[in-house]
Amino acid sequence: MPTATLMSIPLPIPSGKGRSQASLPPPRQSGLQGTLSALIEKSRTLNDLLQVHAVLLRRGLHQDRILNFKLQRAYSSLGCLDNSIWIFNCTLNPDVFNWTAIIHSHAQLGLHDRAMVYFVDMLCSGIYPNAFTFSVALKSASIKSGKPLHSLAFKLGFYSDLYVETGLLDVYARTGDVASAKKLFDEMDQRSLVSMTTMMTCYAKHGEIGNAKFLFDEMPDRDVVCWNVMISGYAQNGFPNEALLMFRRMLSDAKMKPDEVTVLAVISACGQIGALETGRWIHSFIENNDICINLHLGTALLDMYSKCGSLEDARLVFERMTDKDVVTWNSMISGYAMHGFSGHALETFDEMLRAGMKPNDITFVGILNACSHTGMVQEGQNLFYMMKSKYGIEPKVEHYGCLVNLLGRAGHLEEAYNIVKGMNIEPDIVIWSSLLGACGLHNDLVLGEEIAELLIKQNQMRSGTYTLLSNIYANSGNWVEVARIRSMMKSKGVEKEKGCSSIELDNTVHEFLAGDMNHPKCQEIYSMLEEINGWLRAAEDYEPQTNKVLHDLGDAEKGQSLEVHSERLAIAFGLISSRPGTTIRVVKNLRVCPDCHEVCKVISRVTGRKIIMRDRNRFHHFVDGCCSCDDFW
DNA sequence: CTAGGGTTAG
């Protein structure tokens, strides 16, 4: 227990400035030292730093505590902890700064145990910690023991120090104790940019983005870090549009220079929206502003391109990346899976193994999904069992979900249900929904009702599961039951999620709800819909699939026909607003409606346009009357 | 002269 260790070491009694430090000769700064110290701070690469270090050694300054402190910090910020340790070990009579640097660099890398050992060593050698040293050590000890060690700070007389309090605040933020963080924050008698940013981070990480924004607005000055917290907070809490808005404000109003963390969050927001043009704009922004495309950024870019429907760009980024980690490979694999290119997904998986990269649990979510999108039952089952036997990865609820989905969709309902019953973990709503969906797909009323009964008993029904059940009844023409479910939803106050589709044109994202009349180009859109209806009447292969979807409509959509579904409005708008031949990219929040799926095929054939549609589950590429999903979805 | 920010997943 680090706490016990920390408590059991008697602290040296501070006498004035500290005895042990006073006994050392005072460090003298000469002109050479000043120059070297500036050079160390200016070094951006390891090579630069090594050269400055060599000069320093040649001049016999290897015992200069100030220069060594700066070298230690510079090496650890470049990721060379070993060099930092080496210099520290060479320093005769290290002072509190040398000690602090070595403790801090270990803590930054999450090596809290080592950080504590150094701290204790420091105390043992008679050096009294300053507030910063103490705050770093206290933070390490707190993280190790899983709780902020408030009382310890109080006992040692460091309580109301700004650094110490900010450190404690950060620990509360990490442990997720928002209430205590807020209490401490309110009690602190000084605030700083950093402590406010820490509090904002705490709010943003726990979904209280409104409170984060409130603090942000109160700040007298803002630096790049707090802008980043706000932007990534929006992106991670599902407000990608707000994230982009903040980014624009950061550039135009605040004239702030974004760094690689900013663009990472913005790219993630573009991926969520499916805004390809904006994503491309950010990509060129990155290149024009000399922001280095590192591992994280490359992975985020590749993920953004695949979520925006451009696998070509995703692959290009992937191939240009020299450093790839497991996240990079996973993104490429799940990108192919999302688009229904299972062959490419499996090939990439093989490529990954050949490159000597170890797959993890998420890798298997990707390839299992790839299998279920194209009905590769045998392959998927093999991979599922290989996951544990060959790679030692214990299946999680997501993997069972993939397997159940794979079996159910392919019509092996019995087998899928047996898997669910035999699971050693609790099945979640995703698994039940996919099984229920499979029952609808293969008209298994009996199993469907059994599952629904179970979910009702466990009070697990959601708006989506009601819809699935209602579809099962609608398929068999049982309108009485359909009506009963409808009234059940009403009495329980369950609202159906509204279908919403968006399309990006000229860097603006246009959103449509079903039957939407709010768009400025409303008239043209509706006359385009009329034209589409004409094509449909003339098409021999099109038959409206009314009974499948008529009862899938929420209250907002009730009474409106298929013709004004949100995806159709978005496509109609795309047709009238872009040049002939341009690809139309649409994003829908729910799954694409079966009737609209057919309509897209006709539109792609008549207009010769490619339509790429992202729905809640996957992508559909419509080209010349066919969909890449082969109607298996 | 130090504290605060980040990517993948049904």
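Below, chains carry the letters A, B, ... as their sequence lines are ordered, and counting in each starts from 1.
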Send over the distance from [X] [atom1] to [N] [atom2], rounded to a whole Å.
X       : N       : atom1 : atom2 : result
L302(A) : dA9(B)  : CG    : P     : 11 Å
L590(A) : dG10(B) : CG    : C1'   : 15 Å
Y163(A) : dC1(B)  : OH    : P     : 11 Å
Y75(A)  : dT2(B)  : OH    : P     : 21 Å
D361(A) : dT8(B)  : CG    : C1'   : 11 Å
D161(A) : dT2(B)  : CG    : P     : 14 Å
L295(A) : dT8(B)  : CG    : P     : 13 Å
L406(A) : dG10(B) : CG    : P     : 15 Å

Candidate nucleotides [options], ranked by approach to the side chain of [X] - the nearest:
X       : options                 : answer
V225(A) : dG4(B), dA3(B), dT8(B)  : dG4(B)
R616(A) : dG10(B), dT8(B), dA3(B) : dG10(B)
H104(A) : dC1(B), dA3(B), dG10(B) : dA3(B)
D303(A) : dG10(B), dA3(B), dT8(B) : dT8(B)
V327(A) : dA3(B), dG6(B), dT8(B)  : dT8(B)
I362(A) : dA9(B), dG4(B), dA3(B)  : dA9(B)
K139(A) : dG10(B), dG4(B), dT2(B) : dG4(B)

May I ask you to verify if any side-chain N or O of [X] is less than 4.0 angstrom from the OP1 or OP2 atom of [N]?
X       : N      : answer
K307(A) : dA9(B) : yes
K205(A) : dG6(B) : yes
Q236(A) : dT7(B) : yes
H296(A) : dT8(B) : no

If you look at every strand shown and take non-hydrogen atoms under 4.0 Å, does [X] touch a base, only sugar-phosphate, or nothing?
X       : answer
N360(A) : nothing
N330(A) : base
N617(A) : base
T201(A) : sugar-phosphate
V229(A) : sugar-phosphate
S433(A) : nothing

#### Entry: Side chain proximity check, M230(A) to V225(A), heavy atoms < 4.5 angstrom
no
### Task
May I ask you to verify whether the side chain of N369(A) and the base of dG10(B) hold a donor-acceptor pair under 3.5 Å?
no
### Query
Is there a donor N/O on one and an acceptor N/O on the other, under 3.5 Å, for the side chain of T198(A) and the base of dG4(B)?
no
### Task
Give a yes or no on whether the backbone of A337(A) and the side-chain of S334(A) come within a donor-acceptor separation of less than 3.5 Å.
no
### Task
Give a yes or no answer on whether the side chain of N98(A) reaches the backbone of D95(A) with a donor-acceptor pair at less than 3.5 Å.
yes
### Query
So does E287(A) pair up with R280(A), basic N to acidic O under 4.0 Å?
no
### Query
Which heavy atom in A438(A) sits nearest to a heavy atom in R409(A), and how many Å separate them?
CB-N, 4.1 Å
#### Entry: Residue pair L251(A) / P258(A): nearest heavy atoms and the distance that separates them
CD2-CG, 3.5 Å
Would [X] and [Y] count as a close aromatic pair, with their ring centres under 6.0 Å?
X       : Y       : value
F384(A) : H399(A) : no
Y336(A) : F619(A) : no
W99(A)  : F88(A)  : yes

### Message
Quick check on contacts: within residues 259-272 of chain A, what sits under 4.0 Å from DNA chain B by heavy-atom distance?
### Response
D259(A), E260(A), V261(A), L264(A)
